[in-house]
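Below, chains carry the letters A, B, ... as their sequence lines are ordered, and counting in each starts from 1.
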There are 2 protein chains.
Amino acid sequence: MKDILLDFIAKYITLTEEEKDAILPMDIFHTVTKGTILLREGQYSKESYFVLKGCIRTYYLLDGEEKTTAFYTEMEALTPNCVVNQTPSEYFISCIEDTVLTISNADKEAEMNSKFPKFEIMCRKMSEELLAKQRFDFDEFKTSSPEQRYRNLLQNRPDLIQRVPQQQLASYLGIKPQSLSRLRARMYEKKS
Amino acid sequence: MKDILLDFIAKYITLTEEEKDAILPMDIFHTVTKGTILLREGQYSKESYFVLKGCIRTYYLLDGEEKTTAFYTEMEALTPNCVVNQTPSEYFISCIEDTVLTISNADKEAEMNSKFPKFEIMCRKMSEELLAKQRFDFDEFKTSSPEQRYRNLLQNRPDLIQRVPQQQLASYLGIKPQSLSRLRARMYEKKS
DNA sequence: TATATTTCTTAACTTAAGTTAAGAAATACG
DNA sequence: CGTATTTCTTAACTTAAGTTAAGAAATATA
């Protein structure tokens with residue numbers, strides 16, 4: 001399991017055995033069961049997450065309705081807005097599946113940075129890449145119809161369609177669950 | 001004009017007079033006229049922009065149609081995806097108004113970092129904040145209707161509605177120009 | 001200033017998403 | 001295993017966005 005984290009880090013920087021040994025005992029590994037809520041609206045959390053196995057989602061509660069806006073699966077990191085802005089969280093984070101993840105915070109990051117300065121360089125790179133990806137995804141969303149978005153998802157993250165409930169997928173695609181059902185029916189009858 | 005840059009930096013870090021003096025002669029200030037294209041699809045650029053005065057936009061050319069996805073005005077920074085990913089640009093960047101901006105690149109950033117290490121800390125902070133904002137905007141977009149998005153824009157960036165052509169605003173809102181016209185007509189007849 | 005060009009608005013029609021509701025399918029759980 | 005609960009699908013109807021086209025308004029330019 002811990003190899004996933006090291007593999008991920010290896011994409012950005014090269015670690016010595018010493019450094020690897022420094023990371024693992026940091027007590028950042030956690031196993032959480034399906035349905036666990038990691039963060040609630042209104043909380044002032046300082047925790048960042050990195051998914052090693054499983055799937056978590058962020059969702060807003062608007063007019064009593066859950067609006068899912070993002071999913072994080074293996075090798076994906078999430079620092080909630082509330083951590084960055086030091087404001088109460090506007091959304092919830094919950095586990096869609098039994099999930100193994102690392103939970104970190106500013107103190108632990110500082111510890112990492114002092115143990116090996118490369119770490120900061122890695123974070124910078126990750127942050128930049130994430131920003132670029134985020135912007136690309138947003139652009140793609142803006143310039144696509146719901147059907148195109150669904151086709152994109154099929155193309156790029158087919159696993160999500162299997163592992164995530166449709167109602168959550170729907171709001172992720174910016175539509176209602178009924179519309180997603182209909183859209184899919186439309187697509188599959190076109191094909192035949 | 002250069003004060004705008006210093007004011008912006010002051011939001012993140014405190015500069016000594018020496019440091020201020022180090023920044024200004026770096027030859028990063030440029031004035032570009034309305035209509036200038038700073039970056040074209042396909043180019044491998046390494047330049048980052050920071051708008052001091054004026055407005056620039058990013059747009060994709062899809063099926064011969066311009067799809068505007070973002071605007072950058074005073075005090076906003078843009079590092080194009082192609083710079084981060086080292087890939088050809090997927091979009092264009094052009095000036096909507098006569099614009100004053102700084103144009104920077106990795107070399108100049110390195111120069112800055114060596115001149116005062118605080119600079120790197122600032123970039124990290126900015127990057128994190130930007131990521132949080134970007135995610136928030138995306139979430140808001142996903143969970144809103146075109147009309148809500150327009151109302152949001154009226155609320156949060158009313159200047160854009162004045163300074164940006166409607167067809168560009170429309171794709172920024174994820175709809176067609178005709179739909180924006182109609183949407184506005186609908187809104188204003190409701191009010192009366 | 002007059003004319004050309006671009007941008008914006010309006011309208012009629014088409015397509016697809018939102019809404020409400022009911023039943024089917026899948027899942028949870030006693 | 002069977003029942004309860006949740007999730008998904010389907011359908012009919014409403015609302016709004018996409019499309020096509022034409023004319024008005026604004027802007028650029030000769």
- Message: By nearest atom, which of the nucleotides D/dT20, D/dT9, C/dT9 is closest to the B/Q178 side chain?
- Response: D/dT20
- Message: If we ignore hydrogens and angles and just use 3.5 Å, is the side chain of A/Q148 paired with the main-chain N or O of A/S145 as donor and acceptor?
- Response: yes
- Taking five pairs at each terminus, the helix from C/dT1-D/dA30 to C/dG30-D/dC1 shows an axis bend, to 10°, of 50°
- Message: I want to confirm an ordering. Mapping B/R182 and B/Q168 to their closest nucleotides on DNA chain C, which one lands closer to the 5' end?
- Response: B/Q168
- Provide, to the nearest angstrom, the distance between the CG atom belonging to B/L183 and the P atom belonging to D/dG18. 10 Å
- What is the minimum heavy-atom distance between B/F119 and B/N113, and which atoms define it? CD2-OD1, 3.0 Å
- Task: Could you check whether B/P146 gets within reach of a base, just the sugar-phosphate, or nothing at all, counting any heavy atom under 4.0 Å?
- Result: sugar-phosphate
- Note on the structure: Rounded to the nearest 0.5 angstrom, the OG1-CD distance for B/T79 and B/E47 is 11.0 Å
- Of A/Q167, A/R57, A/Q168, the residue whose pairing with A/T68 passes side chain to side chain donor-acceptor pair (under 3.5 Å): A/R57
- In whole angstroms, how far is the P atom of D/dG18 from the CG atom of B/D63? 15 Å
- Task: Grab the CD1-P distance between B/I96 and C/dT7 for me, whole Å please.
- Result: 12 Å
- Item | Whole-Å distance separating the CG atom of A/L169 from the P atom of D/dT9 | 11 Å
- For residues A/Y172 and A/V164, determine if any side-chain heavy atom of one lies less than 4.5 Å from a side-chain heavy atom of the other. no
- For atom NZ of B/K176 and atom C1' of D/dA16, their distance in whole Å: 15 Å
- Task: Take the protein atom CG of A/L180 and the nucleotide atom P of D/dC8, then report the distance between them rounded to whole Å.
- Result: 9 Å
- B/K34 or B/S179: which one's nearest nucleotide on DNA chain D is closer to the 5' end? B/S179
- Item | Parallel, tilted or perpendicular: ring planes of A/F141 versus B/F138, cut at 30 and 60 degrees | perpendicular
- Message: Taking the minimum atom-to-atom distance to the side chain of A/A185, which one of D/dA17, D/dC8, D/dT10 wins?
- Response: D/dT10
- Message: Could you tell me how far apart A/Q148 (CD) and C/dA16 (P) are, to the nearest whole angstrom?
- Response: 12 Å
- Do A/S127 and B/S127 touch side chain to side chain, with heavy atoms closer than 4.5 Å? yes
- Just how far, in rounded Å, is C1' of D/dA17 from CZ of B/R186? 8 Å
